[in-house]
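Below you'll find the structure, written out as C-alpha cells, and then a few comments.
The structure presented is a predicted model; accordingly, all values stated were derived computationally and were not measured.
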Amino acid sequence: MEKRRLGESGVVVSEICLGTMTFGTQADKDESFKIMDKAVDAGIDFFDTAEVYPVPPTTKLAGLTEQWVGEWMKDKPREGIIIATKIAGAAHGWFNPPIRNDKAALDRVHLRKALEGSLRRLGTDYIDLYQVHWPDHGMRAEDTLEELDNFVREGKVRVIGISNEDSYGLMKGLWKSDVHGFARYDTIQNNFSLNNRRFEDELAEICRREKVSLLPYSPLAGGVLSGKYNDGTPDNARFSAYLKAGPRQAAMAARFVNERSLESTRRFMAIGQEAGIEPVTLATAWSKQHDFVASTIIGASNADQLDPILAAAGLKLSPEVLSKIDEVSTEIRYPMG
C-alpha cells in the first residue's frame with residue numbers, strides 16, 4: 001500500500017481510503033467492524049466519514065456512522081488511523097441535511113457545533129482532515145475559513161478540505177486563505193471515475209498548480225463499473241432503490257445508470273478482461289493513477305467486497321491499457337452528463 005501526502009500538509013495517508021457511508025444502513029455494526037478490521041489489515045490507514053452518515057441521511061440515523069467508527073477506534077492507537085469527517089453543507093441548497101433542526105449552515109456557530117459533535121461521536125480530541133461536505137457560494141468564504149483556521153490553531157483539526165466543489169469555489173477559497181492568512185484547503189473530495197472524468201477538464205490543473213490533492217469518491221461510479229447493472233437492474237442495489245425513492249434520487253440514478261454509462265462500462269470491462277484485471281480492480285487502479293490524486297475513497301457493504309478493491313493497491317496500469325481506456329472516453333464522452 002503506497003503512502004501519499006495530502007496537499008502540502010504533514011499528513012501522509014494510504015493510497016486507498018475506506019469510505020464509511022454504508023455503515024448503519026447497508027452494513028450492520030458487526031459487518032462494519034469486519035470491514036474496518038480487514039481494511040487496516042490490508043494497510044489502509046485513512047477513513048472517511050461525515051456527520052450526516054449513513055446514507056441515505058435521516059434524522060434518526062445521522063451521526064451513527066461516526067459513532068460506530070469511534071467505538072471501533074477505542075482499542076486502536078489513535079495516531080495510527082487518519083480520520084476524515086465533514087460538516088454538512090447549507091440547508092438551503094440542493095439538499096437539506098437532516099441535522100440541527102434542518103437549519104444547517106457553514107457559519108461560525110454551525111461549524112463549532114458540527115465539529116464538537118463529530119469529536120464527541122468519534123471519541124477523539126482532534127480530526128485529521130475536516131471537510132466542508134458541499135459549498136455555499138452565496139456566503140462570504142472567509143466566514144467559513146476563519147473558523148476552520150481557528151480549529152487548526154486550537155489543535156482540534158490538522159488539515160482542512162472541501163468537497164463537491166467547482167473551480168470557482170476552490171480558487172475563491174484558496175485566494176481568501178492567502179489574503180487573510182488562513183489555513184488553506186489541502187484536499188478536495190469530488191466524484192471522479194472512468195464514467196465521470198469531468199474533474200480533468202479544469203479542477204485537475206488547479207490541483208496541480210495549487211498543490212491540492214483530490215480524494216476521489218465513487219471510483220466505481222456507484223457500483224456501475226463493477227458491471228452489475230449491465231444485465232438489468234439488480235435487486236438490493238443502490239440505484240435500484242433510488243429509482244423508487246423520489247424525484248431527486250431517481251434523477252441521480254438516471255445519471256449513473258443510462259445507456260451511455262452502461263456501454264462505456266461494457267467496453268472498460270472488455271479492456272480489463274483482456275489485461276486479466278477484474279472490473280473493480282481496473283476502476284480503482286485507474287482512479288488512483290493520477291498525479292493530482294492522494295487517496296481513492298472506496299466503500300463496501302460487506303467485507304468480501306474489499307478483495308478486488310485491495311487488489312488495486314500498488315497496481316500500475318500499463319500505457320497500453322491507459323490508451324485503450326482513453327479511446328473509450330473519447331468515443332463516449334461524459335456518459336454521466
Inset, instruction - Kindly state whether the ring of F47 and the ring of W72 have centres lying under 6.0 angstrom apart. - result: yes
Legend entry - Centroid separation H290 to F199 less than 6.0 Å: no
Legend entry - Remaining members of hydrophobic cluster (4.5 Å side-chain criterion), V159: L6, V11, V13, F46, I82, L129, L215, Y217, I297
Legend entry - Hydrophobic cluster of Y168, others only, ordered by chain and residue number, side-chain cut-off 4.5 Å: none
Do any N or O atoms from the side chain of [X] and from the backbone of [Y] form a donor-acceptor pair under 3.5 angstrom?
{"X": "S261", "Y": "F256", "value": "yes"}
{"X": "E147", "Y": "D107", "value": "no"}
{"X": "N164", "Y": "H133", "value": "yes"}
{"X": "S323", "Y": "P319", "value": "no"}

Inset, instruction - Could you point out which residue of D48, I81, T124, I83 forms a side chain to side chain contact (heavy atoms under 4.5 Å, CB included) with V69? - result: I83
Inset, instruction - State whether R184 and E8 are salt-bridged, where the test is any N-O pair (Lys NZ or Arg NE/NH1/NH2 against Asp/Glu carboxylate O) under 4.0 Å. - result: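 Between E8 and R184 there is no salt bridge, as every charged N stays at least 4.0 Å from the carboxylate O atoms.
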Inset, instruction - Using distance alone, with no hydrogens and no angle criterion, decide if S9 and R158 have a side-chain donor and acceptor under 3.5 Å apart. - result: no
Inset, instruction - Indicate the ring-plane relationship of F182 and H180, choosing parallel, tilted or perpendicular according to the 30° and 60° boundaries. - result: parallel
Inset, instruction - List for me each residue that meets ring pair (Phe, Tyr, Trp, His ring centres under 6.0 Å) alongside Y185, sequence neighbours excluded, and say none if there are none. - result: none
